[in-house]
Protein chains: 2
Amino acid sequence: MAPSLSPNLPPEQQSASQADRFTRAREVQAVALLEDYVEMIGDLIAEHGEARVADIAERMGVAQPTATKAIARLKREGLATSRPYRGVFLTDDGAALADRVRARHRSVVALLIAVGVPETTAELDAEGIEHHVSEGTLAAFEAYLAQQNRNK
Amino acid sequence: MAPSLSPNLPPEQQSASQADRFTRAREVQAVALLEDYVEMIGDLIAEHGEARVADIAERMGVAQPTATKAIARLKREGLATSRPYRGVFLTDDGAALADRVRARHRSVVALLIAVGVPETTAELDAEGIEHHVSEGTLAAFEAYLAQQNRNK
DNA sequence: CAATAAGTATAGCGAAGGCTATAAATCGGC
DNA sequence: GCCGATTTATAGCCTTCGCTATACTTATTG
C-alpha cells in the first residue's frame with residue numbers, strides 16, 4: 001500500500017507528488033557539494049588556521065583543479081572568498097552553513113549508531129545521507145536521540 | 001572530536017579515509033538514477049503491464065527526451081531492453097535490482113517513521129537517502145524494525 | 001639572489017543529466 | 001486504408017563536476 005497504489009486515481013495527482021520527490025532529491029544533490037566543501041574548509045581553518053587548495057582537494061578526494069573550480073562556485077554563491085595563490089576563507093554565510101552542516105552530520109551519525117549501525121559504516125553512509133535529511137527529519141532525529149539519552 | 005581530530009597524524013591516513021567517504025558518496029550518486037528508473041519501470045509494468053516512455057518521464061518529473069536518454073543508459077548497462085516505439089522492459093538483472101531497491105526504500109521509510117519522522121516527510125526524504133544506505137546499514141535498520149515489532 | 005620546488009590557476013576534454021525544438025513512427029477513428 | 005493526433009526518437013545546446021596537461025606564482029634553499 002505504500003507508494004504505487006491507486007492506478008485509477010487522477011494520474012496527475014499521485015504521479016505529480018512522486019515527480020516532486022525526485023525533483024527535490026535532484027535539487028538537494030545540487031547543493032550537497034557546496035555543503036561538503038564549506039564544511040571541509042571550516043574544518044581546515046579550525047585545524048590549521050587556513051584552508052589551502054591542495055588540502056581541500058586531497059580531503060575531498062579530487063584533483064586540485066576540481067577543487068579550484070568548486071571554490072570558484074562557492075565564491076559565486078557568496079559562501080567563500082579567496083585571493084589567487086592565497087588561502088580560501090568562508091564568508092559569514094559560509095561559516096553559518098558550515099556549522100549547520102556539521103551539526104546535521106553529527107546528528108545523522110548519532111542516529112545511525114543509536115539504531116544499531118556500526119560506527120564505521122555510520123560514518124561512511126552519513127556522508128551521503130546527511131544532505132537529504134530535511135529540517136523535519138533532523139528534528140525527529142534529535143528528539144529521538146534526546147529521548148534515548150533520557151532513558152539511559 | 002569525531003571526524004577531524006589529530007592534525008598531527010600522518011595526513012594521508014585520516015585524509016585518505018575522509019576522501020574515500022566522499023568518493024563513495026559520489027559513486028553511489030552515479031547509480032542512484034539508474035536505481036530510480038529501474039524501480040519505476042518495475043512499478044509501471046506491475047501496474048499497467050507496460051512501461052511507456054511518457055509515463056516514466058512524467059513520474060520522474062523530467063522531460064520525455066531526458067527519460068529516453070536515461071533508458072538508453074539502462075540498456076547500455078544491461079538493466080533494461082526496449083524496441084523503438086514499444087515499451088521498456090527490465091532484464092533479469094534489472095528486475096532483481098528493482099526488487100532490491102524497492103525493499104530498501106520500504107525499510108528506509110519504515111525506519112524513519114519508527115524514529116518519529118512524519119510519514120509525508122519520511123517519503124520525501126527517503127527518496128534521496130535510500131541510495132546511500134549500504135548493506136550494513138540496511139541490515140541494522142531491519143534488525144531495529146524487527147526488534148521494535150517484537151516489543152509492540 | 002638565482003634556481004628549483006611547490007602550490008595554484010588556466011585551458012581544454014569527456015560524461016551525465018537536464019532542456020527545447022523538430023522529425024519520425026504508431027495508433028485511432030472515420 | 002488514410003489522416004490527424006499522440007507518442008517516441010533525434011538533434012542540438014547548456015551546466016556541473018570530474019580529469020590531465022601546462023602555465024604561472026610564490027616559497028625555499030644553496
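Letters go in sequence order (proteins before strands), and every chain restarts at 1.
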#### Entry: Proximity to the side chain of A/Tyr85 - top-ranked nucleotide from D/dT16, D/dG12, D/dC24
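Closest nucleotide to the A/Tyr85 side chain: D/dC24.
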Mind calculating the distance between [atom1] ([X]) and [atom2] ([N]) to the nearest angstrom?
| X | N | atom1 | atom2 | value |
| --- | --- | --- | --- | --- |
| B/Arg26 | D/dC17 | CZ | C1' | 9 Å |
| A/Asp36 | D/dG18 | CG | P | 10 Å |
| B/Arg52 | D/dT7 | CZ | P | 6 Å |
| B/Phe89 | D/dT8 | CZ | P | 11 Å |
| B/Leu44 | D/dT7 | CG | P | 14 Å |
| A/Glu35 | D/dT16 | CD | P | 17 Å |
| A/Leu34 | D/dT15 | CG | P | 17 Å |
| A/Gln64 | D/dT22 | CD | C1' | 11 Å |

### Message
How close do B/Ala122 and B/Ile113 get, counting heavy atoms only, and between which atoms?
### Response
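So the two residues come closest at CB-CG1, 3.9 Å.
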### Task
Using the heavy-atom set of chain A and a strict 4.0 Å cut-off, write down the first and last nucleotide of DNA chain C that makes it in, 5' to 3'.
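With heavy atoms of chain A under 4.0 Å away, the range is C/dG7 to C/dG18.
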Looking at [atom1] of [X] and [atom2] of [Y], how far apart are the two atoms once the value is rounded to the nearest 0.5 Å?
| X | Y | atom1 | atom2 | value |
| --- | --- | --- | --- | --- |
| B/Glu135 | A/Asp125 | CD | CG | 10.5 Å |
| A/Leu111 | A/Arg106 | CG | CZ | 15.0 Å |
| B/Gln18 | A/Glu123 | CD | CD | 9.0 Å |

### Message
ring pair (Phe, Tyr, Trp, His ring centres under 6.0 Å), that's the test. Do A/His132 and B/His132 meet it? Break it down for me.
### Response
CA-CA 10 Å; A/His132 298 272; B/His132 298 273; 5.7 Å; yes
### Task
Describe the nucleic acid contact of B/Ala54 in one word from base, sugar-phosphate, nothing, applying a heavy-atom distance below 4.0 Å.
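Since only primed, P, OP1 and OP2 atoms lie under 4.0 Å of B/Ala54, the category is sugar-phosphate.
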#### Entry: Side-chain N,O (A/Thr66) to OP1/OP2 (D/dC19) below 4.0 Å
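Checking A/Thr66 against D/dC19: at least one side-chain N or O falls below 4.0 Å of OP1 or OP2.
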### Task
May I ask you to decide if B/Glu130's main-chain N or O and B/Arg104's side chain share a donor-acceptor pair within less than 3.5 Å?
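The answer is yes, because a donor-acceptor pair under 3.5 Å joins these two groups.
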### Residue whose closest nucleotide on DNA chain C lies nearer the 5' end, B/Pro65 versus B/Arg76
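Whichever sits nearer the 5' end wins; that is B/Arg76.
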### Query
What residue among B/His131, B/Arg100, B/His105 forms side chain to side chain contact (heavy atoms under 4.5 Å, CB included) with B/Glu35?
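Of the listed residues B/His131, B/Arg100, B/His105, the side chain to side chain contact (heavy atoms under 4.5 Å, CB included) partner of B/Glu35 is B/His131.
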### Query
When you match B/Lys69 and A/Pro84 each to their closest nucleotide on DNA chain D, which lands nearer the 5' end?
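Residue closer to the 5' terminus by nearest nucleotide: B/Lys69.
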